[in-house]
Number of protein chains: 2
Amino acid sequence: MAAIHTQSDASLWRDLAPLMRPKSVAVIGASQRAPAAGLAREPRGNRVIRNLRNFGYPGRIVAVNPKYNEVMDCPCYPDLAAIPEAVDCVILAVPNRHVPDLLESAAAAGVRAGVVFSAGFAEIGMEGKERQARLEALSKEHDFLICGPNCYGVLNVFGKAPLFASLIPQGFLAGPVALVSQSGGLSTTIANALMLNRHVGLSHIVSCGNQAGVTVEEYLNYFIEDENTGVVAAFVEGFKQPAKLMAVAQKAIAYNKPLIILKGGRSEVSQRAAATHSGSLAGAAEVIDAAFRQGGIVQVRSLNELIDTVSLFSCETFVKRHNGGRRIGVLSGSGGECTLVSDAAMNVGLEVPELSEESKSRLPEVLPDFGNLNNPLDGTGAMYDDDKIFPRLLQALIDDANIDIVTVNLEANDPRPKELKSGNRFSLAITNAAAAANKPIAIFSSVVGGPVDPDILLPLRAAGVPLMEGAECAMSALRHLTDYHQFRKSWQPSGQDAAPASSHPKFPAGILPAEAAFRLLDSFGIPVAPTFLTRNAEEAATAAESIGFPVALKIESAQISHKSDLGGVSLNLASAAEVRDAFFLIRDNTTAKLPTADIAGVVVQRMVPEGIEMILGIKRDPLFGPVVVCGFGGVLVELLKDVAIGIPPISHQQAHSLLQGLRGWPLLTGLRGKPSADVKALCDVIFAVSNMATSLGEQLLALDINPLVVHAKGHGVVAVDALVQIG
Amino acid sequence: MAAIHTQSDASLWRDLAPLMRPKSVAVIGASQRAPAAGLAREPRGNRVIRNLRNFGYPGRIVAVNPKYNEVMDCPCYPDLAAIPEAVDCVILAVPNRHVPDLLESAAAAGVRAGVVFSAGFAEIGMEGKERQARLEALSKEHDFLICGPNCYGVLNVFGKAPLFASLIPQGFLAGPVALVSQSGGLSTTIANALMLNRHVGLSHIVSCGNQAGVTVEEYLNYFIEDENTGVVAAFVEGFKQPAKLMAVAQKAIAYNKPLIILKGGRSEVSQRAAATHSGSLAGAAEVIDAAFRQGGIVQVRSLNELIDTVSLFSCETFVKRHNGGRRIGVLSGSGGECTLVSDAAMNVGLEVPELSEESKSRLPEVLPDFGNLNNPLDGTGAMYDDDKIFPRLLQALIDDANIDIVTVNLEANDPRPKELKSGNRFSLAITNAAAAANKPIAIFSSVVGGPVDPDILLPLRAAGVPLMEGAECAMSALRHLTDYHQFRKSWQPSGQDAAPASSHPKFPAGILPAEAAFRLLDSFGIPVAPTFLTRNAEEAATAAESIGFPVALKIESAQISHKSDLGGVSLNLASAAEVRDAFFLIRDNTTAKLPTADIAGVVVQRMVPEGIEMILGIKRDPLFGPVVVCGFGGVLVELLKDVAIGIPPISHQQAHSLLQGLRGWPLLTGLRGKPSADVKALCDVIFAVSNMATSLGEQLLALDINPLVVHAKGHGVVAVDALVQIG
């Protein structure tokens, strides 16, 4: 995987132009015998032609249908070979059984891309999987770009190219957000919510279905390179090219184009659903989480959190004015909401600081009768009764040095009984304040739901004030923004401090003997307790004397993994005599209990002083390959599965972040007066293990250092036991 | 607190009739010089009279204003004393400074209740607190019912009595839900969302503000007794009568009227906000959580979760058809949503089982070309193209024996561009299926937001199919329903197995000496390690011989709490000689390190065999008084604050539930092959500690048993060290 990061960008990514901005398209599956527009059974081919027309597609459109000479005023040919001009992209609105043949003939005719709407591929049984395999082969072997199958296609807004199967409403809003969703239905659901409920414009909508050809990762890369796109949003069920995901995440950070992703398929049931829906392998949730965190990808947990986070990140004025801080000021006319939003802020780790002393002394000057000087700032009924109050309270928050982001709780919903409307009375004041402010201002409603009032939404959005609905989503979105800022600030391109890949001998398959395992760790700079394999009691005693007492003895046999259960371990031996006795004892114990075991000898190891016991290892994820796993021994890992996961290569800085993410982190910094541990040495070892993962590649199936003893600051760490599995 | 539960219901609760359904009201603060209806500055008094008229209030309305003989066609008197007839309730729409005098004169004139809208009481400075104190005195000493101050008042829908300051929209929907919210703004926000976005009708809206008189607990009790109310919803910042909360929770369970509460003020900042807003003491979040769990109160975490949970619980047909099970079936036209809703279900602990074998064999008969036989059931594009498919898929879920609750993902929102509408095509099929079904059916949308289409919402709600918005809220609401069902099923009235309160001697204030503490524990049936206080080495040796070796010695001094830090503890003493030596050693250690300490002697205690170390104690919550706290020693309690909290009296069954709520619970049931612990004995001790809390009452400031050693099943538990603090 490390190799990926050293490849040049051009060799990593295909040019998607024939799919995303084709100069000419051929539509297969349009008909003269089509019912009226908008009806359920209108052929998708006709709908695509209508979409292309409505969007003002500047390229050439032809239809393919042996029955007609023209369809919807487009020239129509009996087959692809009959089309006189070159076709960039073919759009297949035909039953799935025809798809592989048609695409293969398209590729043969020089077409470079295709969009396949129909379902019935890898998401169903064997027949579908075989169909999809032909598409995948075409994509790989002929570099033919395929969107789908089982999708709505691609819609390039600024390129006016909607190769898109779904109805596109009038008044489509162009803007900086590119959206990719495997699911067709959710692609339009998300897009419509962004446009209608947030006034957020789009540069692309892609529904990519089963990703038989072009993958989510490739679309993300295309968006990052696209000049019209500033923010990328995605709903993904499964990644197909995880190594490219890490590369595109780096590129996104470098270009400052945030990737905001909702990843479905966290549970067993949803992984079953994802496999059924788009033939996706969802991947282990905790590994995906780790990859997102490490790559600076903004991970959201619900559709509404996605919508509000995109609403915030895509509001250019807001983002520009944000200093990166997480101190939130809140103004509300409802004291109850002040309480709720404070809880929501706490839940996501935002600060709601007290007002500055300056504000507290200045506010009474401009509002002598107004008693509340808190944050959240409760405007009370007074702000409804006296129009002077709201603007002054808002300005106080804008001017307050304790506050990084100003939020206003505003009923922006447009309830059916118009007499309930009150938000408009305040939105003008916010628009005015925002025009002059140098601090970011956002608004949020209390309840999510009901129509959003365009009279409030549109002028505020134009003034750089984004809307979010509900305190919980609003605070989550703000937290994402501050985290993203923090990540970019401390970000450095990966691989900079990674050791150069070295070549290692090929190991025999199976579990490495202890001595060999320790030698291998040592060769990567991982400190190990001095360890020797001995064949008899005398050798053991001599080895013990050479490494110094006290020592431990452990039986060595490829057949025995739980050594102490069989009486195969003896600890704290203080003399050569004790070592000799112990040698015989543990050999006899184990041969008595497991007579068939092939005993290689007894390992003599220097006893390691007490410290914090951790586990550190490498396991293989079906999606990401080797990942580094780290945690505390005992109840934290056994009961709470409190482990940190990193995707190699892992820098020292990333190792430190991993450790900070563990619940047990305070154990390392010195819980209740205990000395702090040698975190630096621990980070060195995580870095070394990451190097080991990238250097050994596929031959390393698993590594399990348990325990890794972490001593007090300055005293290092030691691997006491290690299991290396070669494949 | 235990005493509360033995009081008769009548002695616990006041009759709220004069406030909730007054026969006559006097409005102070209405004027002839009022601007037009609906304007911001219309006097609240006028608005209340308009509300009363619009609602058809059947009682008598008079106004009080020395300037007029009539206001809005109501007779108007110069003061309360001048009103010829008896007045049940006075409504004060006047500045706060006039309120105390007016209420006192009303009480003197025989009025029995009052509603106070104005702010400026306990939520502001000293002056306001004094004002509120006069109201509280009036409530207590003259049994005068006060709603507010700092509120919108009460609205009794079926009694047609809106003593309510806010504008009430036309088309108010009457129904089974009673709502109380301290916050006025949120009371109407929640009510409007329920009526407009969920078609849920209300029996009452109460905004009770600062609760200077009638408390949230009293309103809850009133609602539970009210024949028109079936479900009670609340937004609460602080409880004033927590003991009554526990009583009303019991009554709610007995009456089967669910209490659904959103409790604000979980964080330090929000507690500051709550104090400012309504003068509320929010209470420790974890104690509130414990009280809710123990009382079967449904706790929701956001306004939208409140709205969706109420939508579900108030749908009578749905609830009646629910068998209590948590196996969810899902039908959606979007495969992406199938993935997301599965994740949401997993997050809250609902099951999404596979379809039964019967369904899997029967579905292909009715839908031969439909390949998907999963749950969630993805209707795919096919269900949009062929109208036969959706009803058959729905019926398959209804008929499936593996499924307790059927949910349908339906776009029930009504987007501005009407051509996007597709939900109506399916809602008729659901309505038809629901009419014939004996299984509960609910619908949920993917995204929360946008107008809800009344053409979908109303007929479905009428057919017993509630709407929820967003997979996350929908699954949370369903989980609440199954939990509530489970709680009621296993519920038994509290106090049944509580020991009778016994009288105890008065202890001197301070920390009890070890021997006295152990005697006290023993008197409550808590097993303790045999423990004797000895004055000299000989006494210690004799004591050790009498209780049996090995023993531990611990220095006993009121000035020393961390005994081992001073060398004041010696463990595992195996003989009288060792005991004598240890006696001198620890005495000398401690006097050397702390010469001023007053040494009472040395405690001799039988060594307790190893086991699982827990902590068990009593602490005082500012709101609930004594609460029982239980957890595991070590990293779980130190690092993760993993403690269970119970409100006495705690039954054996409740003690068991508490333990099950601990993250460390698997340690007791036998983690990784270890033997399971004596959970029964542990529950006995929790029960005993709860008795101790209720028996000793206020003189017990704190109890801390640490460690309480829990042995393997059948071998009991032992308190090894205990600290008892008397106040």
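The figures here come from the full heavy-atom set of this structure, side chains too, leaving out hydrogens, waters and symmetry mates. Values in this document were obtained by computation on a predicted structure and should not be read as measured data. Note on naming: letters A, B, ... go to the chains in the order of the sequence lines (proteins, then strands), and numbering restarts at 1 for each one.
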Check whether any side-chain N or O of Asp343(A) sits under 3.5 Å from a backbone N or O of Arg266(B) as a donor-acceptor pair, and report yes or no.
yes
Of all of Asn375(A), Ile190(A), Val341(A), Thr188(A), which one pairs up most often with chain B through heavy atoms under 4.5 Å apart?
Asn375(A)
Side chain, backbone, both or neither: which part of Leu636(A) has a non-hydrogen atom closer than 4.5 Å to chain B?
side chain
Checking Ser302(B) against Glu472(A): is there a side-chain donor and acceptor pair closer than 3.5 Å?
no
To the nearest 0.5 Å, what is the distance between OG1 on Thr189(B) and CD on Glu411(A)?
5.0 Å
Reported CG-to-CG distance for the pair Leu340(A) and Leu262(B), which is rounded to 0.5 angstrom:
5.0 Å
Roughly how far, to the nearest 0.5 Å, is the SG atom of Cys473(A) from the CG atom of Asn304(B)?
8.5 Å
Nearest heavy atoms of Pro376(A) and Val269(B), plus distance in Å
CD-CG1, 3.9 Å
Closest heavy-atom pair and its distance - Leu186(A), Ser334(B)
CG-OG, 3.7 Å
Largest heavy-atom contact set with chain A, pairs under 4.5 Å, which of Leu667(B), Thr380(B), Leu303(B), Val448(B):
Val448(B)
Residue, of Glu469(B), Arg301(B), Glu351(B), Arg663(B), that accumulates the most heavy atom pairs under 4.5 Å with chain A
Arg663(B)
Check whether Ala193(B) gets within reach of chain A through its side chain, its backbone, both or neither, counting any heavy atom under 4.5 Å.
side chain
Distance from Phe632(A) atom CZ to Leu639(B) atom CG, nearest 0.5 Å?
8.0 Å
Exactly one of Glu237(A), Lys263(A), Gln182(A) clears side-chain hydrogen bond (donor to acceptor under 3.5 Å, both in side chains) with Thr339(B), and that residue is Glu237(A)
Relative to chain B, which segment of Ile307(A) carries a heavy atom at a distance below 4.5 Å: side chain, backbone, both, or neither?
side chain
Among Ser446(B), Pro666(B), Ser118(B), residue most engaged with chain A (heavy-atom pairs, under 4.5 Å)
Ser446(B)
